Amino acid sequence: MEANASVEMFSKVLEHQLLQTTEQVEEHLDSEIQKLDQMDEDELEHLKEKRLKALRKAQQQKQEWLSKGHGEYREIPSERDFFQEVKESKKVVCHFYRDSTLRCKILDRHLVILSKKHLETKFLKLNVEKAPFLCERLHIKVIPTLALVKDGKTQDFVVGFSDLGNTDDFTTETLEWRLGCSDILNYSGNLMEPPFQSQKKFGTNFTKLEKKTIRGKKYDSDSDDD
């Protein structure tokens with residue numbers, strides 16, 4: 001009897017919360033409709049023009065990104081290309097990889113997907129055997145490593161899979177969340193929690209991450225002389 005009463009009470013509370021949420025949504029919609037009803041033709045035309053302007057600006061930004069190689073996951077042939085690429089784009093993810101490393105191929109699959117989804121970020125890969133100077137300068141010792149570069153400076157690194165649950169079976173959403181924690185792409189989810197129940201799936205090895213800056217370094221074409 002007590003169990004049934006508890007279930008019934010919980011159902012009523014849930015029903016009340018849903019009702020309140022529905023009412024709040026309806027009130028918001030009513031308010032927006034009322035605002036539109038009170039606008040004259042000039043105001044409506046101004047609003048329409050403002051939205052069209054925003055759409056045109058977004059389309060121009062998209063075309064600019066595409067012209068700089070965003071929207072695809074590309075391999076660059078040398079360190080010199082790396083310096084040029086990070087100059088051109090505000091946000092860059094570069095995968096330092098080795099052909100013989102299986103985990104690099106796992107990471108490749110996820111980066112292909114994210115490169116198409118997040119046009120605001122440039123996704124690159126560079127063979128470590130062709131980048132001895134960069135690897136030494138960035139202290140890259142574990143393969144794979146993702147260097148996250150923003151405004152020409154290294155902001156963070158994703159080293160191996162330790163930030164991704166210490167498993168080869170991490171999801172694309174997990175990597176997306178991790179990159180979002182460093183503000184290297186526009187993440188729409190909750191940055192305070194990974195997009196899965198970490199305790200159930202990975203035990204206690206997974207820890208929350210905080211936004212941070214690691215070894216911030218500005219790159220110039222003559223950086224070899226530093």
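All figures in this text were calculated on a predicted structure; none of them were measured in a lab. This chain uses plain numbering: 1 for the first residue, then up along the sequence.
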Quiz prompt | Separation of Gln60 CD from Leu55 CG (nearest 0.5 Å) | solution = 11.0 Å
Quiz item: Who are the salt bridge (Lys or Arg N to Asp or Glu O under 4.0 Å) partners of Asp81, not counting sequence neighbours?
Solution: none
Exercise. With sequence neighbours excluded, tell me which residues meet side chain to side chain contact (heavy atoms under 4.5 Å, CB included) with Glu136.
Key: none
Quiz item: Is the shortest heavy-atom distance from the side chain of Leu175 to the side chain of Leu111 under 4.5 Å?
Solution: yes
Quiz item: Taking NZ, NE, NH1 and NH2 as the nitrogens, is one of them in Asp156 or Arg178 under 4.0 Å from a carboxylate oxygen of the other?
Solution: yes
Exercise. For the pair Asn127 (side chain) and Glu129 (backbone), establish whether a donor and an acceptor sit closer than 3.5 Å, ignoring hydrogens and angles.
Key: yes
Quiz item: Is any side-chain heavy atom of Lys153 less than 4.5 Å from a side-chain heavy atom of Gln155?
Solution: yes
Practice problem: Return the minimal non-hydrogen interatomic distance between Pro77 and Leu126, and the atom names on each side. | Solution: C-CD1, 4.3 Å
Practice problem: Check for a donor-acceptor pair, side chain of Glu120 on one end and backbone N or O of Lys91 on the other, with a separation under 3.5 Å. | Solution: no
Quiz prompt | Glu79 to Leu134 - nearest heavy-atom pair and separation | solution = OE2-N, 2.8 Å
Quiz item: How far does NZ of Lys117 sit from CG of Asn186, to the nearest 0.5 angstrom?
Solution: 11.0 Å
Self-check item: ring-ring contact (aromatic ring centres under 6.0 Å, His included) partners for Phe161, two or more places apart
Solution: Phe170
Self-check item: Ile106 side, atom CD1; Asp168 side, atom CG - distance, nearest 0.5 Å
Solution: 4.0 Å
Exercise. For residues Tyr187 and Gly180, report the shortest heavy-atom separation together with the two atoms involved.
Key: CB-CA, 3.8 Å
Practice problem: Output all residues satisfying side-chain hydrogen bond (donor to acceptor under 3.5 Å, both in side chains) with Gln61, sequence neighbours left out; order by chain, then residue number. | Solution: none
Practice problem: Taking salt bridge (Lys or Arg N to Asp or Glu O under 4.0 Å) as the test, write out the residues that go with Glu88, two or more places apart. | Solution: Lys122
List, one per line, each side-chain donor-acceptor pair under 3.5 Å for residues 141-150, sequence neighbours excluded.
| from | atom 1 | to | atom 2 | distance (Å) |
| --- | --- | --- | --- | --- |
| Thr145 | OG1 | Val142 | O | 2.5 |
| Lys150 | NZ | Asp183 | OD2 | 2.5 |

Self-check item: Heavy-atom closest pair, residues Leu114 and Glu176
Solution: CD2-CB, 3.7 Å
Quiz item: Roughly how far apart are Ile76 CD1 and Cys94 SG, rounded to 0.5 Å?
Solution: 4.5 Å
Quiz item: What are the two closest heavy atoms between Trp177 and Asp163, and how far apart are they?
Solution: CZ3-O, 4.3 Å
Quiz item: What pairs with His95 under side-chain hydrogen bond (donor to acceptor under 3.5 Å, both in side chains), at least two apart in sequence or on another chain?
Solution: Tyr73, Asp108
Quiz item: Does any N or O in the side chain of Ser162 come within less than 3.5 Å of the main-chain N or O of Val159, such that one atom is a donor and the other an acceptor?
Solution: yes
Self-check item: Test salt bridge (Lys or Arg N to Asp or Glu O under 4.0 Å) applied to Lys68 - qualifying residues, sequence neighbours left out
Solution: Glu64
Quiz item: Residues two or more places apart in sequence or in another chain: which of them pass side-chain hydrogen bond (donor to acceptor under 3.5 Å, both in side chains) with Lys116?
Solution: none
Quiz prompt | All side-chain hydrogen bond (donor to acceptor under 3.5 Å, both in side chains) counterparts of His110, not counting sequence neighbours | solution = Thr172
Quiz item: Can you name the residues that form a salt bridge (Lys or Arg N to Asp or Glu O under 4.0 Å) with Arg109, not counting sequence neighbours?
Solution: none
Quiz prompt | Shared hydrophobic cluster, Leu185 / Ile113 (ILVMFWY, side-chain heavy atoms < 4.5 Å) | solution = no
Quiz item: Do Lys90 and Asp151 have side chains that get closer than 4.5 Å, going by heavy atoms?
Solution: yes
Quiz item: What pair of heavy atoms forms the shortest contact from Phe123 to Thr121, and how long is it?
Solution: CD1-O, 3.5 Å
Self-check item: Test side chain to side chain contact (heavy atoms under 4.5 Å, CB included) applied to Leu119 - qualifying residues, sequence neighbours left out
Solution: Lys62, Trp65, Leu66
Self-check item: Distance-only polar pair, side chains of Ser89 and His70, donor-acceptor under 3.5 Å
Solution: yes
Quiz prompt | Tyr97 reachable from Phe157 in the ILVMFWY side-chain graph, under 4.5 Å edges | solution = no
Quiz item: Under a 4.5 Å cut-off applied to non-hydrogen side-chain atoms, are Pro194 and Thr174 in contact?
Solution: no
